Asks: 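Mind having a look at this structure? Questions to follow.
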Amino acid sequence: MQYWLMKSEPDDVSIDDLAHRGEVGWYGVRNYQARNFMRDAMQLGDGVLFYHSSCSEPGIAGLAAVSRLAYPDPTQFDPASPYFDAKSSPGQPRWLQVDVRFVARTRLLGLDELRRYSELAGMQVLRRGNRLSITPVTESEWTFITSLLAC
DNA sequence: GCCAACGTTGGC
DNA sequence: GCCAACGTTGGC
């Protein structure tokens, strides 16, 4: 069992969208490091901090869980998709996704607030210039954040 | 295999 | 819209 922070642009898929749909495919990852986390490390039931990025209030907006192991991301084969990859093929898919299911909506735990806790100072998402859309979260970080959000 | 150019991410 | 950070591409 591991824990992850996964970024989504709320204009694309927000925590409310996930709450409404129950489960979504995490399509559109086009970074090898993030893909490898999904392929090699994610397990069913892993905890996910659902993070809203590229928006007016970036931060953690809810909780989710990995509900399906890595499988090919269908958008890579769709010429109409912005995530189309001509160098990928169904026989040799380059990009993968997992499914995540809704667990809870939380208050928005903003980036500014996250930065205030020394317990979270090591989080990858807080590092300057960080762009990785999926990052591992330690058990102590997970425990700290979920207890904050339970209040 | 180096590295400059380029593109993307994402906070501000 | 700006710009820092950094991953990717491609010429050599």
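It should be emphasised that the depicted structure is a prediction, and the values quoted were computed from it without experimental measurement. Each chain gets a letter, A, B and so on, in the order its sequence line appears, and its residues count up from 1.
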Asks: Short question: side chain of A:Gln124, backbone of A:Thr135 - any donor-acceptor pair under 3.5 Å?
Replies: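 No.
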Asks: Determine whether A:Glu141 and A:Val125 make a side-chain contact, defined as any pair of heavy atoms from C-beta on separated by less than 4.5 Å.
Replies: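 No, side chains not in contact.
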Asks: What are the 5'-most and 3'-most nucleotides of DNA chain C lying under 4.0 Å from any heavy atom of chain A?
Replies: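 The footprint of chain A covers C:dA4 to C:dT8.
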Asks: Can you list, by residue number, the residues of residues 71-99 of chain A that have a non-hydrogen atom closer than 4.0 angstrom to DNA chain B?
Replies: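 Those residues: none at all.
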Asks: Excluding sequence neighbours, so at least two apart, what forms side chain to side chain donor-acceptor pair (under 3.5 Å) with A:Asn36?
Replies: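 By the side chain to side chain donor-acceptor pair (under 3.5 Å) rule, A:Asn36 matches A:Arg39.
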Asks: Can you list every pair that meets side chain to side chain donor-acceptor pair (under 3.5 Å) and has a residue in residues 41-65 of chain A, with sequence neighbours left out?
Replies: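 Counting only pairs at least two positions apart or across chains, the side chain to side chain donor-acceptor pair (under 3.5 Å) contacts touching residues 41-65 of chain A are A:Trp4-A:Asp46.
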Asks: Which heavy atom in A:Phe37 sits nearest to a heavy atom in A:Leu132, and how many Å separate them?
Replies: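 A:Phe37 and A:Leu132 have their closest heavy atoms at CE1-CD2, 4.0 Å.
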Asks: Please tabulate, for the side chains in residues 111-122 of chain A, all donor-acceptor contacts under 3.5 angstrom to protein atoms that are two or more places apart in sequence or on a different chain.
Replies:
unit_1	atom_1	unit_2	atom_2	d
A:Glu113	OE1	A:Arg107	NH1	3.0
A:Glu113	OE2	A:Arg107	NH2	3.0
A:Glu113	OE2	A:Tyr117	OH	2.6
A:Arg115	NH1	A:Leu126	O	2.9

Asks: Can you find a pair of side-chain heavy atoms, one from A:Tyr83 and one from A:Val29, that are under 4.5 Å apart?
Replies: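 No, too far: nothing below the 4.5 Å cut-off.
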Asks: Sequence neighbours left out, what pairs pass salt bridge (charged side-chain N to carboxylate O under 4.0 Å, His left out) with at least one residue falling in residues 83-94 of chain A?
Replies: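 Non-adjacent pairs meeting salt bridge (charged side-chain N to carboxylate O under 4.0 Å, His left out): A:Asp85-A:Arg94.
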Asks: Mind running a 4.0 Å heavy-atom check of residues 128-135 of chain A against DNA chain C and sending the residues that fall below it, in number order?
Replies: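 Within residues 128-135 of chain A, the residues near DNA chain C are A:Arg128, A:Gly129, A:Arg131.
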Asks: Any chance you could lay out the side chain to side chain contact (heavy atoms under 4.5 Å, CB included) test for A:Asn31 and A:Arg131, step after step, and finish with the verdict?
Replies: CA-CA 10 Å; A:Asn31 169 282; A:Arg131 294 189 304 165; over 6 Å; no
Asks: Can you list, pair by pair, the side-chain donor-acceptor contacts under 3.5 Å of residues 142-151 of chain A, counting residues two or more places apart and other chains?
Replies:
unit_1	atom_1	unit_2	atom_2	d
A:Thr143	OG1	A:Glu139	O	2.8
A:Thr146	OG1	A:Trp142	O	2.8
A:Thr146	OG1	A:Thr143	O	3.2
A:Ser147	OG	A:Thr143	O	3.0
A:Ser147	OG	A:Phe144	O	2.8

Asks: Which ranges of DNA chain B pair up as stems, where a stem means three or more consecutive Watson-Crick or G-U pairs with both distances under 3.5 Å?
Replies: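 As far as DNA chain B goes, consecutive pairing (with distances under 3.5 Å) yields the stems B:1-12 with C:1-12.
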Asks: Tell me every residue that passes side chain to side chain donor-acceptor pair (under 3.5 Å) with A:Tyr3, counting only those two or more places apart in sequence or in another chain.
Replies: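 With sequence neighbours excluded, A:Tyr3 shows a side chain to side chain donor-acceptor pair (under 3.5 Å) to no residue whatsoever.
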Asks: Determine, step by step, whether A:Leu63 and A:Val48 satisfy the side chain to side chain contact (heavy atoms under 4.5 Å, CB included) criterion, reporting the C-alpha distance in whole Å, the side-chain angles of both residues, the deciding distance to 0.1 Å, and the verdict.
Replies: CA-CA 6 Å; A:Leu63 304 176; A:Val48 173; over 6 Å; no
Asks: Can you sort out which residues in residues 26-41 of chain A have a heavy atom within less than 4.0 Å of DNA chain B? Ascending by number, please.
Replies: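 Contacts with DNA chain B under 4.0 Å: none.
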Asks: Just wondering, do A:Ser88 and A:Phe77 contact through their side chains at under 4.5 Å, heavy atoms?
Replies: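 Contact flag for A:Phe77/A:Ser88 side chains = yes.
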Asks: Taking only residues at least two apart or on different chains, which pairs with a member in residues 62-73 of chain A satisfy side chain to side chain donor-acceptor pair (under 3.5 Å)?
Replies: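 Every pair satisfying side chain to side chain donor-acceptor pair (under 3.5 Å) with a residue in residues 62-73 of chain A: A:Glu23-A:Ser67, A:Arg30-A:Asp73, A:Tyr71-A:Gln97, A:Tyr71-A:Asp99, A:Asp73-A:Thr75.
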Asks: Any side-chain heavy-atom pair from A:Tyr32 and A:Trp95 closer than 4.5 angstrom?
Replies: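 Result yes, sub-4.5 Å side-chain heavy-atom pair found.
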